[in-house]
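Just so it is clear, the structure is predicted and the values come from calculations on it, not from any experiment.
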Amino acid sequence: GADNNEPFLGTAMATPSPDALQEFRILTNSYSAEFGGGGGSIVNIVTRQGTNQFHGSLYEFFRNDILDAKNFFAIKKDKLRRNQFGGTFGGPILKDRTFFFFNYEGFRLRAGQTQVATVPSLAERAGNFGALGTVSSIDPTAAKLLPLIPTPNAGTNQFVSSPVQVQDTNQITARLDHRITQKNYLSGRYFFLDGNNGRNFTNTLFGVPINLPDFPLTDNYRIQNFALTDTHFFSNTLSNELRFGFNRGRFDSAISAVVRDPSSFGFNLPSTKAVHNMPLIALAGYTAFGTFNDSPSYRRENVYQIEDNVTWTRGRHSFKYGGQILKTQMNIPSSDSIGEGAFLFLPKPETTTTIPDAFANFLQGQFDLFTQAGGVTTRAWRFSSYNFYFQDEIRVAHNFTLTLGLRYELPIPPTDTRNRVVAFRPGQQSTVHPNAPLGLVFVGDTGITRSTIQTDKNNFAPRVGFAYDLFGD
């Protein structure tokens, strides 16, 4: 079928409702030369189509927390409301010639997420670390940030919260099939999904998670998938399948639900972001807080596909051969990784003048690491893939079949439409930007292509297999 891979993460782009599926196959190894691009497995899905009779269905799956036990770490039972609902309808437009099928599915989730955060004790918030020492003077910025860290509500230094995760999606699958002639069939399918997902907790680049509920993030996404297939039977032994496919994805990730003016805390950091938020504060041994280091990130993806497959049966041979062209556009309007800056506080070795505690260093404004990135984060990536295959399935005997195939893939490395790429070549001085640090080279420098790497042209993938019926029955 049409390609359905998300090019950035390599996951499935569209995930249609099970009620919209006619069949699916999972190939984990020894798949034919027709398939490629999947090191672990190939998932092949066929959507439902209409028939000469009208058929439909309505459904809803519902779960709640009435019979659930309380999470051991939660203060009270987590909320759960999960609704998955929808319907299907299909039938004829023109009897024996044109058919339609339609599916809608909605998903609503409200689920409590219990998290235990390590926070400073009441004494530590005041600068009292017992036998380790006392912080007598609190940094003004730290004093303004301190209210963002809640006081313990479980034990001396734990804060337990159970915010509700919100996830909403709506999707439709529509298919139209038409018999042009007895030997020519046309099929079109369209998939649409729109959704959002809330994230109450998240990890950070320092490995110190944000386990507080007051720094939520939202992911918004919209996915569209279209396929048009023309199948022509030239004879009983020769057929051709021509397909055009198109994927489009819009992903707005890690959008901060709460924006806090960094200057109100005393920060005066440069930033190229349109909307400024407070930096990330990570304390070893405690919860982190502040702006997630990859917030926000925007991505727009278009994948165009055209492929053709020929099946020809002649005597003992069943030939199948064809080709596929994939053109991918990945546009990144903005990806502000660490755009607001990130501070890391570590416990210092104990001496007569230091307290070996990260929060003590925070109170004194003594951070161990600060990192920030900026500049132009816009990118417009373009890359292609050209794939061809040939396979012969030979019926050597009534109980023995031999399969021989060869697949060739030519992936063209990604390029940016405005050559906004950089490479590192030890010891090479850039002539495009002579003031750049030694080893940092750009498009136009000696040996540096638009993608900074050479095209790999030796991707041959032979296939050899056989099937033998030991008893011939």
Side-chain angles (χ1 to χ4, degrees), residues 1-5 7 10-13 21-49 177 179 181-187 189 227-245 303 305-327 384-412 455-473:
D3 182 81
N4 184 36
N5 292 287
T11 57
M13 177 81 88
L21 304 184
Q22 181 69 34
E23 63 178 80
F24 71 91
R25 291 186 300 155
I26 300 179
L27 310 176
T28 56
N29 56 53
S30 302
Y31 34 86
S32 68
E34 177 184 1
F35 301 104
S41 66
I42 300 291
V43 179
N44 202 4
I45 292 176
V46 179
T47 54
R48 292 174 62 182
Q49 64 183 78
D177 294 271
R179 177 173 60 83
T181 67
Q182 290 290 348
K183 294 186 176 182
N184 198 191
Y185 297 86
L186 190 66
S187 175
R189 173 189 47 76
L228 182 66
T229 304
D230 178 85
T231 304
H232 193 95
F233 295 91
F234 296 97
S235 67
N236 292 334
T237 60
L238 179 63
S239 65
N240 184 82
E241 183 183 62
L242 177 64
R243 178 179 295 110
F244 170 78
V303 180
Q305 170 197 4
I306 187 168
E307 70 174 24
D308 191 73
N309 300 294
V310 177
T311 303
W312 180 34
T313 303
R314 183 176 176 83
R316 295 175 177 267
H317 299 265
S318 179
F319 301 102
K320 191 165 188 178
Y321 54 91
Q324 177 194 62
I325 300 175
L326 289 171
K327 295 283 188 178
S384 307
S385 179
Y386 301 88
N387 310 311
F388 307 93
Y389 75 94
F390 176 86
Q391 181 168 292
D392 184 10
E393 192 173 276
I394 311 168
R395 190 173 179 83
V396 180
H398 74 281
N399 63 340
F400 184 79
T401 302
L402 178 66
T403 301
L404 303 174
L406 178 65
R407 182 177 180 86
Y408 177 70
E409 299 183 351
L410 181 64
I412 307 301
T455 302
D456 185 6
K457 300 179 180 180
N458 63 347
N459 299 299
F460 292 93
R463 306 283 206 275
V464 179
F466 68 90
Y468 177 62
D469 186 351
L470 183 63
F471 301 102
D473 56 0

Closest approach of [X] and [Y], non-hydrogen atoms and distance?
X: Ser385; Y: Asn387; value: OG-OD1, 3.1 Å
X: Asn309; Y: Arg243; value: ND2-NH1, 4.2 Å
X: Ala2; Y: Arg189; value: CB-NH2, 4.0 Å
X: Glu34; Y: Arg407; value: O-NH1, 3.0 Å
X: Thr313; Y: Ser318; value: OG1-OG, 4.0 Å
X: Leu326; Y: Asp3; value: CD2-CB, 4.0 Å

Is there side-chain contact between [X] and [Y], with at least one heavy-atom pair below 4.5 Å?
X: Thr231; Y: Asn184; result: no
X: Asp308; Y: Asn240; result: yes
X: Val310; Y: Ser239; result: no
X: Thr455; Y: Ile412; result: yes
X: Lys320; Y: Phe390; result: no

Check: [X] side chain, [Y] main-chain N or O, donor-acceptor pair, under 3.5 Å:
X: Thr181; Y: Lys183; value: yes
X: Arg463; Y: Leu406; value: no
X: Asn399; Y: Asp469; value: yes

Please identify each residue that fulfils side-chain contact (heavy atoms from CB on, under 4.5 Å) with [X], with sequence neighbours left out.
X: Gln49; value: Arg175, Asp177
X: Asp456; value: Asn458, Asn459
X: Phe388; value: Tyr386, Tyr408

Subject >> side-chain contact (heavy atoms from CB on, under 4.5 Å) assessment of Gln391 paired with Thr403 >> reply: CA-CA 7 Å; Gln391 181 168 292; Thr403 301; 3.8 Å; yes
Subject >> N-O pairing of Glu393 and Arg395 below 4.0 Å >> reply: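 So Glu393 does not pair with Arg395 through a salt bridge.
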Original post:
Can Leu228 and Leu186 be said to form a side-chain contact (heavy atoms from CB on, under 4.5 Å), step by step?
Top reply: CA-CA 7 Å; Leu228 182 66; Leu186 190 66; 4.1 Å; yes
Nearest 0.5 Å, please: how far is [atom2] in [Y] from [atom1] in [X]?
X: Phe24; Y: Thr47; atom1: CZ; atom2: OG1; answer: 14.5 Å
X: Phe244; Y: Ile306; atom1: CZ; atom2: CD1; answer: 7.5 Å
X: Phe460; Y: Glu409; atom1: CZ; atom2: CD; answer: 11.5 Å

Original post:
What is the ring orientation for Phe35 with Tyr31, classed by angle as parallel under 30°, tilted 30 to 60°, or perpendicular over 60°?
Top reply: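 Because their plane-to-plane angle is over 60°, the rings of Phe35 and Tyr31 count as perpendicular.
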**OP:** Give the intermediate values and the outcome of side-chain contact (heavy atoms from CB on, under 4.5 Å) for residues Thr229 and Glu241.
**Re:** CA-CA 7 Å; Thr229 304; Glu241 183 183 62; 3.7 Å; yes
**OP:** Run the numbers on Glu307 and Ile325 for side-chain contact (heavy atoms from CB on, under 4.5 Å), then give the verdict.
**Re:** CA-CA 6 Å; Glu307 70 174 24; Ile325 300 175; over 6 Å; no
Subject >> Pair Phe466 and Phe400, ring centroids less than 6.0 Å apart >> reply: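 Under 6.0 Å, so yes.
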